[in-house]
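Notes for the one structure printed next.
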Amino acid sequence: MSKSFTIGGQIVDLVHSRIFSGVVVVEDGKISKVEEQAVDNTCFIMPGFVDAHVHIESSMLVPSEFARLASCHGTVATVSDPHEIANVLGAEGIRYMIANGKKVPFKFFFGAPSCVPATTFETSGCTLDAQAVEQLLASPDIHYLSEVMNYPGVINDDPELMAKIAAAKKHGKPIDGHAPAVSGEALRKYVGAGISTDHESFCMDDALAKIGLGMKILIREGSAAQNFNDLIPLMASHPGNVMFCSDDKHPDELANGHIDQLVRHAMAKGYDAMDVLRAASLNTARHYGLNVGMLQVGDDADFIVVDELRNPVARQTYIKGELVAENGTQSH
């Protein structure tokens, strides 16, 4: 249940790039006031973290249990691709993920998988054709077209795949990419189709080429793949074009940390605190148009309390004004 309260500390305003002493007033789960004033509290209040791309299924947990662990690390939302369950159960599996996620105070933003099965050579439990994908995209519970793994299909104008991309455009929803080692004219055609992100870059040259064509780059550090060390220099040169994601997160690793780990690693390398925190929250919320609070008046009260700005460990995690985790454990 949402609560009303006032909390004071050093407020990290990512929208206006400032940190100031003040109080946040929460009424019925919304931020009604943010007032600058002297407070006797050195803790930092900052927007909660957002995973810009994750397959919840890789955690081997249902969404509600994923949320229980992730929120302990300051995560308040995920951009979730239900590709794996769709390969087994199709749209029914996606509906299950959405319904289960709504049982807990956490913000799951699910996409419509674009490639089920992943390739024509794969044996899957279900197939999502263009008509099924459009039906999913018409739902307010579906927020984007999930990673377009079939990049040869885009490059070669596969009719079925292009119909899915057209459906995303029709419904005004972003299109996620997956384009490892695609370059030159092929990359220009891929991006030109309207695909706006990529999490498969493994070197700076590849990432910079994609940024040059208008893509956003997801810096990934998960259980299956890691490109943080190779791509983190983008934080200095193109901070507005990067987001943090895990992609795949096994349960034992999720128990130890989530997006907060990437934040601490980036901070330890000396990158600007505002740039790092925006990559962990604001950049993703803006790109996907997510209803995730950023400590502005009228926002949902989605924020975390930490003791150190450059070594943030979530002491408290609030979602819609509800305290969901405290000192590394779920609060209820």
Side-chain angles (χ1 to χ4, degrees), residues 9-15 17-19 42-54 59 66-67 69-80 106-107 197 199 207 216-223 225-249 253-288 290 292-295 302-319 324-328:
Q10 307 308 305
I11 298 169
V12 181
D13 184 351
L14 299 179
V15 175
S17 295
R18 60 191 295 253
I19 300 174
T42 59
C43 70
F44 292 87
I45 303 169
M46 63 178 63
F49 302 134
V50 183
D51 190 331
H53 176 75
V54 63
S59 71
F66 180 97
L69 288 178
S71 62
C72 291
H73 303 299
T75 303
V76 299
T78 60
V79 179
S80 306
F106 192 88
K107 295 187 172 183
T197 69
H199 58 273
K216 301 293 175 66
I217 297 298
L218 278 58
I219 297 178
R220 169 177 60 181
E221 196 76 359
S223 300
Q226 301 85 32
N227 58 20
F228 178 91
N229 287 332
D230 293 311
L231 300 184
I232 196 59
L234 292 170
M235 192 63 66
S237 61
H238 296 80
N241 296 93
V242 296
M243 313 173 205
F244 287 146
C245 79
S246 65
D247 198 359
D248 296 286
K249 199 71 173 172
E253 296 187 11
L254 181 60
N256 292 325
H258 192 206
I259 298 302
D260 59 325
Q261 293 177 320
L262 283 79
V263 172
R264 288 192 293 273
H265 291 164
M267 293 285 197
K269 288 180 176 291
Y271 292 103
D272 180 81
M274 288 291 184
D275 289 340
V276 172
L277 293 173
R278 278 192 282 262
S281 56
L282 180 63
N283 291 355
T284 302
R286 281 180 168 171
H287 178 76
Y288 291 97
L290 308 181
V292 179
M294 289 294 143
L295 283 177
D302 307 323
F303 59 84
I304 62 176
V305 179
V306 306
D307 291 324
E308 299 178 56
L309 178 68
R310 297 198 65 88
N311 185 34
V313 176
R315 186 207 299 174
Q316 294 175 319
T317 302
Y318 292 89
I319 299 177
V324 298
E326 188 167 20
N327 296 323

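Considering only residues two or more places apart in sequence or on other chains, N229 meets the side chain to side chain contact (heavy atoms under 4.5 Å, CB included) condition with K269. Judged as a side chain to side chain donor-acceptor pair (under 3.5 Å), and not counting sequence neighbours, the contacts of Q261 are K249. Legend: residues meeting ring pair (Phe, Tyr, Trp, His ring centres under 6.0 Å) with F49, ordered by chain and number and at least two apart, are absent. By the salt bridge (charged side-chain N to carboxylate O under 4.0 Å, His left out) test, R310 is found to be paired with no residue, residues two or more places apart in sequence or in another chain being considered. Scored by the side chain to side chain contact (heavy atoms under 4.5 Å, CB included) test, L14 finds V12, P47, M274, L277, R278, S281, L282 as partners (sequence neighbours excluded). Residues forming a salt bridge (charged side-chain N to carboxylate O under 4.0 Å, His left out) with R220 (at least two apart in sequence, or on another chain): E200, D247. Residues meeting the salt bridge (charged side-chain N to carboxylate O under 4.0 Å, His left out) test with D248, sequence neighbours left out: none. Listed by chain and residue number, E36 satisfy the salt bridge (charged side-chain N to carboxylate O under 4.0 Å, His left out) test with R18 (two or more places apart in sequence, or in another chain). Partners of D307 under the side chain to side chain donor-acceptor pair (under 3.5 Å) rule, at least two apart in sequence or in another chain, are R315.
Between the side chains of Q226 and E221, no donor-acceptor pair is found at a separation under 3.5 Å.
The closest donor-acceptor contact from the side chain of D272 to the backbone of D275 lies under 3.5 Å. Side-chain N or O atoms of D302 include one that pairs as donor or acceptor with a backbone N or O of G293 at under 3.5 Å.
Applying the ring pair (Phe, Tyr, Trp, His ring centres under 6.0 Å) definition to pairs two or more places apart or across chains, those involving residues 265-287 are F228-H265. Applying the salt bridge (Lys or Arg N to Asp or Glu O under 4.0 Å) test to pairs two or more places apart or on separate chains, those with a residue in residues 253-268 are D260-R264.
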query: Step by step, would you call C43 with Q10 a side chain to side chain contact (heavy atoms under 4.5 Å, CB included)?
result: CA-CA 6 Å; C43 70; Q10 307 308 305; over 6 Å; no
message: What verdict does the side chain to side chain contact (heavy atoms under 4.5 Å, CB included) test give for T75 and F106, after you've listed the backbone C-alpha separation in whole Å, the side-chain angles of each residue and the deciding distance to 0.1 Å?
response: CA-CA 9 Å; T75 303; F106 192 88; 3.8 Å; yes
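Smallest separation of non-hydrogen atoms from V306 and M46: CG2-CE, 3.6 Å. Annotation for N256 and H73: closest pair C-CE1, 3.6 Å, computed over non-hydrogen atoms. Shown here for I304 and G48, the closest heavy-atom pair between the two residues is CG2-CA, 3.9 Å. The minimum heavy-atom distance linking T317 with G74 is given by the pair OG1-CA, 3.6 Å. Minimum heavy-atom separation, I45 to G9: CD1-N, 3.8 Å. Counting all heavy atoms, side chain and backbone alike, C72 lies closest to G328 at SG-O, 3.5 Å.
Taking OG of S80 as the reference point, atom NZ of K107 lies at 14.0 Å (rounded to 0.5 Å). Taking CG of L295 as the start and CD1 of I11 as the end, the distance is 7.0 Å to the nearest 0.5 Å. Going from atom CG of N227 over to atom NE2 of H199 covers 9.0 Å, rounded to the nearest 0.5 Å. Rounding to the nearest 0.5 Å gives a distance of 7.5 Å between CD of Q316 and CG of N327. Distance check: L218 CG to L231 CG gives 10.0 Å after rounding to the nearest 0.5 Å.
Counting only heavy atoms from C-beta outward, the side chains of F66 and L254 approach each other to under 4.5 Å. Side-chain atoms of T284 and V292, non-hydrogen and from C-beta on, never get closer than 4.5 Å to each other. The side-chain heavy atoms of I19 and L309, taken from C-beta on, include a pair separated by under 4.5 Å. Residues V54 and V79 have side chains not in contact (no heavy-atom distance under 4.5 Å, counting atoms from C-beta outward).
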In a table with atom names and distances, give each donor-acceptor pair under 3.5 Å that connects a side chain of residues 234-245 to protein atoms at least two apart or in another chain.
none

